[in-house]
Amino acid sequence: MSSPPGEQPLAAATKYVLITGGVVSGLGKGVTASSVGVVLKACGLRVTCIKIDPYLNTDAGTMSPFEHGEVFVLDDGGEVDLDLGNYERFIDVTLTRDNNITTGKIYQSVIEKERKGDYLGKTVQVVPHVTDEIKQWIRSVSSVPVDGQTRPADVCVIELGGTVGDIESMPFIEALRQLSFSLGITGKENFCLIHVSLVLALGVVGEQKTKPTQHSVRELRALGLTPDLLACRSAQPLIGSVKEKLSQFCHVPVENILNIHDVPNLWHVPLILRNQKAHEAIIKQLNLAGSAGRPELRDWTKMAESYDNLKNSVKIALVGKYTNLTDSYLSVVKALLHASVACSLKPSIQWIAASDLEDATAINAPDAHAEAWETLKGSACVLIPGGFGDRGISGMILAAKYARENKVPYLGICLGMQISVIEMSRHVLGLGDADSEEFNKDAPDRVVMYMPEVSKTHMGNTMRLGCRRTFFRKPDCLTSKLYGCPPHVDERHRHRYEVNPSFVPMLENAGLHFVGCDESGKRMEAEPACTYGQIVELQDHPFYVGVQFHPEFKSRPRRPSPPFTGLIMAATKQLGTNSSNSNGYIGASE
């Protein structure tokens with residue numbers, strides 16, 4: 001069960017930047033919060049982040065990707081909202097499960113306290129008990145450093161999910177109002193509110209309309225919070241008269257009205273904020289002029305502009321279960337972006353629904369089947385990401401078989417790694433009924449089995465989760481070279497199933513080598529009940545790699561994930577075989 005973070009000393013200089021949203025959801029509050037963090041960090045300030053999700057789920061772990069996008073996994077095993085992935089990638093910090101606050105966590109903590117008698121017989125109410133719990137959680141988490149240092153961060157950026165006026169977010173709005181008030185007579189120097197809203201452009205003329213933003217701000221002010229800055233989303237840059245109108249009706253100075261218009265890539269958003277002097281407005285509001293300098297964003301600018309100037313692209317076939325909602329694979333998409341840019345390429349992701357590759361689709365929807373296979377065969381490499389359930393599994397197996405037989409570079413992540421094992425077992429070892437216990441618990445050859453230490457009755461927080469160490473059994477293997485030949489790597493996991501060790505010798509004899517193992521090799525070499533592989537590689541293939549962990553979760557714009565970089569390099573024939581450079585990638589061939 002969830003429990004609140006422990007009491008932490010609240011630093012006197014703790015400052016809060018609250019990001020709220022209005023009009024519609026999906027405006028990009030997460031990117032705005034991340035970009036604010038980038039700019040403040042570039043000014044020399046240390047930043048942490050909190051995401052508030054008003055849903056009743058304790059965490060995102062049991063939520064369908066179709067419902068809420070991907071589940072992002074943290075080092076401590078926290079299954080959290082995908083926006084925390086944005087924070088980690090943009091600001092380059094390592095967050096914890098407590099940095100994601102949900103209504104479920106808050107109510108669970110309050111009820112636990114009530115059951116223990118902590119409220120001394122009082123009637124437990126939303127105000128003050130729930131709101132006090134929210135404030136306590138924010139204060140505690142904001143004082144925990146997330147950048148490897150020991151002192152608390154200078155600024156905590158808080159993103160409130162949903163839109164202003166949602167009934168489920170009301171306790172959080174009230175708690176945040178109380179928090180800003182409780183900071184004392186100098187509270188305004190410790191609290192800055194940025195409201196993200198939408199400026200619509202209607203009709204052929206494209207006149208920019210401010211009324212939705214006016215109503216959103218009015219509702220926010222009625223709840224006791226007044227924005228210090230407006231961040232207006234729009235397709236095109238705002239004209240001057242629109243800013244003046246917003247200033248007049250929303251009670252925000254013109255210089256504090258920011259315009260985040262559509263850009264070629266999201267790396268431009270921090271630059272937009274810098275160019276509009278957002279950092280100066282925030283620093284002035286928080287009275288941090290003595291601690292902050294001018295934003296140093298030369299490397300970030302170079303990164304954003306270099307992407308815009310890239311001419312060549314690489315086609316990547318992403319064969320998955322949740323391709324109708326690309327946010328389901330957000331971290332995979334970002335990792336492919338990071339790796340492609342490192343190879344001076346733009347990623348061209350070809351989305352293929354795994355079920356469209358299956359023989360049954362050839363009968364029921366022949367056009368979709370033909371298009372899926374044409375797309376697969378026209379791609380330079382194949383990636384099968386993680387997932388749960390048996391839908392589309394046959395199509396994934398066919399994609400893995402195609403990549404193996406035609407020597408197309410292949411990367412399998414988590415489920416994708418298990419798919420490569422099933423495919424090899426069926427079509428190379430001749431075990432036609434080979435399967436995973438997840439899909440067929442009665443299969444005669446269960447080459448993938450349930451992990452013995454996880455629960456079979458509870459779904460939430462019962463998997464192998466978080467950052468775990470993987471040791472290389474073969475130091476000269478391809479994956480080791482991609483990482484720079486270390487003895488081990490630390491990557492994040494999220495799975496319930498593992499390769500059945502009984503089949504490992506047969507698979508290795510067939511050419512599928514298990515080159516990574518867990519926990520000092522004990523799980524690969526000890527008794528069969530507790531052994532499984534972490535990394536597989538196929539011999540005599542340019543790049544056929546499967547990893548049980550999720551390397552996408554630790555990919556960063558300037559530190560791309562080695563397995564992803566290897567896939568892109570192999571797809572474009574840049575992958576050498578004899579040396580590794582300081583970045584951990586195998587040297588590009590001449």
Side-chain angles (χ1 to χ4, degrees), residues 321 354 384-401 403-404 410-457 459 462-465 468-474 477 479 491 493-539 541 544-550:
K321 297 165 61 70
I384 298 182
F388 298 93
D390 60 0
R391 183 176 58 83
I393 294 302
S394 297
M396 293 181 186
I397 292 173
L398 289 170
K401 182 174 184 285
R404 178 181 59 82
Y410 173 90
L411 176 61
I413 297 172
C414 195
L415 173 62
M417 179 257 205
Q418 297 170 7
I419 289 293
S420 66
V421 171
I422 296 171
E423 191 279 321
M424 280 282 292
S425 300
R426 289 184 182 182
H427 302 121
V428 178
L429 298 183
L431 304 175
D433 294 322
D435 214 331
S436 168
E437 190 175 357
E438 179 181 8
F439 315 134
N440 183 3
K441 64 180 180 179
D442 298 319
D445 297 308
R446 294 188 294 276
V447 294
V448 177
M449 66 181 197
Y450 212 96
M451 294 172 61
E453 67 265 36
V454 300
S455 172
K456 293 187 178 182
T457 58
M459 300 296 288
T462 58
M463 292 180 281
R464 184 174 174 83
L465 289 166
R468 305 296 180 97
R469 181 155 291 180
T470 296
F471 291 84
F472 289 107
R473 299 174 67 221
K474 300 180 180 180
C477 68
T479 310
E491 294 282 9
H493 290 246
R494 185 176 186 250
H495 59 99
R496 289 190 179 91
Y497 298 86
E498 62 187 23
V499 175
N500 188 334
S502 301
F503 292 89
V504 168
M506 298 170 62
L507 289 162
E508 291 206 309
N509 288 336
L512 189 66
H513 297 292
F514 290 75
V515 299
C517 61
D518 190 22
E519 295 163 3
S520 302
K522 293 178 182 178
R523 298 196 70 141
M524 178 60 76
E525 298 166 0
E527 64 274 13
C530 63
T531 67
Y532 68 101
Q534 298 288 298
I535 306 171
V536 297
E537 294 180 2
L538 182 63
Q539 69 182 26
H541 193 287
Y544 194 95
V545 174
V547 293
Q548 185 62 73
F549 46 78
H550 287 265

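Any value given below was found using the heavy atoms of this structure, including those in side chains, with hydrogens, waters and symmetry copies removed.
E537 places a side-chain N or O within donor-acceptor distance of the main-chain N or O of T479, the cut-off being under 3.5 Å. E438 contributes a side-chain N or O that, together with a main-chain N or O of G389, makes up a donor-acceptor pair within less than 3.5 Å. A donor-acceptor pair is defined here as one N or O able to donate and one able to accept, closer than 3.5 Å; such a pair exists between the side chain of E508 and the backbone of F514. Looking at K401, its side chain never comes within 3.5 Å of a backbone N or O of E423 through a donor-acceptor pair.
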With side-chain contact (heavy atoms from CB on, under 4.5 Å) as the test, would you mind laying out the steps for S425 and D445 before giving the verdict? CA-CA 9 Å; S425 300; D445 297 308; over 6 Å; no
Apply side-chain contact (heavy atoms from CB on, under 4.5 Å) to residues R468 and F549 and explain how you reach the verdict. CA-CA 9 Å; R468 305 296 180 97; F549 46 78; over 6 Å; no
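The two residues Y410 and I384 come nearest to each other via the heavy atoms OH-CD1, 3.5 Å. Shown here for A510 and L429, the closest heavy-atom pair between the two residues is CB-CD2, 3.7 Å. In plain terms, the two heavy atoms of Y544 and S420 that are nearest each other are OH-CB, 3.6 Å. Taking every heavy atom of both residues into account, D433 and P444 meet most closely at CB-CG, 3.6 Å. The two residues A434 and I422 make their nearest non-hydrogen contact at O-CG2, 3.7 Å. Taking every heavy atom of both residues into account, P505 and P501 meet most closely at CD-O, 3.6 Å.
Atom CD1 of I419 is separated from atom CG of L398 by 10.0 Å, given to the nearest 0.5 angstrom. In this structure, SG on C414 lies 10.5 Å from CZ on R496, to the nearest 0.5 angstrom. If you take CE on M424 and CE on M506, they are separated by 10.5 Å, rounding to the nearest 0.5 Å.
A 4.5 Å side-chain heavy-atom check between H495 and M463 finds every atom pair outside the cut-off. Taking 4.5 Å as the limit, every side-chain heavy atom of V515 sits out of range of all side-chain heavy atoms of R473. Using a 4.5 Å heavy-atom cutoff, the side chains of F388 and L415 are not in contact. Side-chain contact between F472 and I535: present, with at least one pair of heavy atoms (C-beta onward) separated by less than 4.5 Å. For the pair L431/F503, a side-chain contact is recorded, criterion being any heavy-atom separation below 4.5 Å from C-beta on. Considering only heavy atoms from C-beta on, E491 stays 4.5 Å or farther from T470 through its side chain. Looking at I397 and R426, their side chains come closer than 4.5 Å, going by heavy atoms from C-beta outward. Using a 4.5 Å heavy-atom cutoff, the side chains of H493 and H550 are not in contact.
No more than 12 heavy-atom neighbours from other residues, nucleotides or ligands sit within 6.0 angstrom of NZ on K441.
Under the side chain to side chain donor-acceptor pair (under 3.5 Å) criterion, H541 pairs with no residue at all, not counting sequence neighbours. Take R446 and apply the salt bridge (Lys or Arg N to Asp or Glu O under 4.0 Å) test, not counting sequence neighbours, and it matches no residue.
With D518 as reference, R464 is the one residue of R464, R469, Q548 to meet the side-chain hydrogen bond (donor to acceptor under 3.5 Å, both in side chains) rule.
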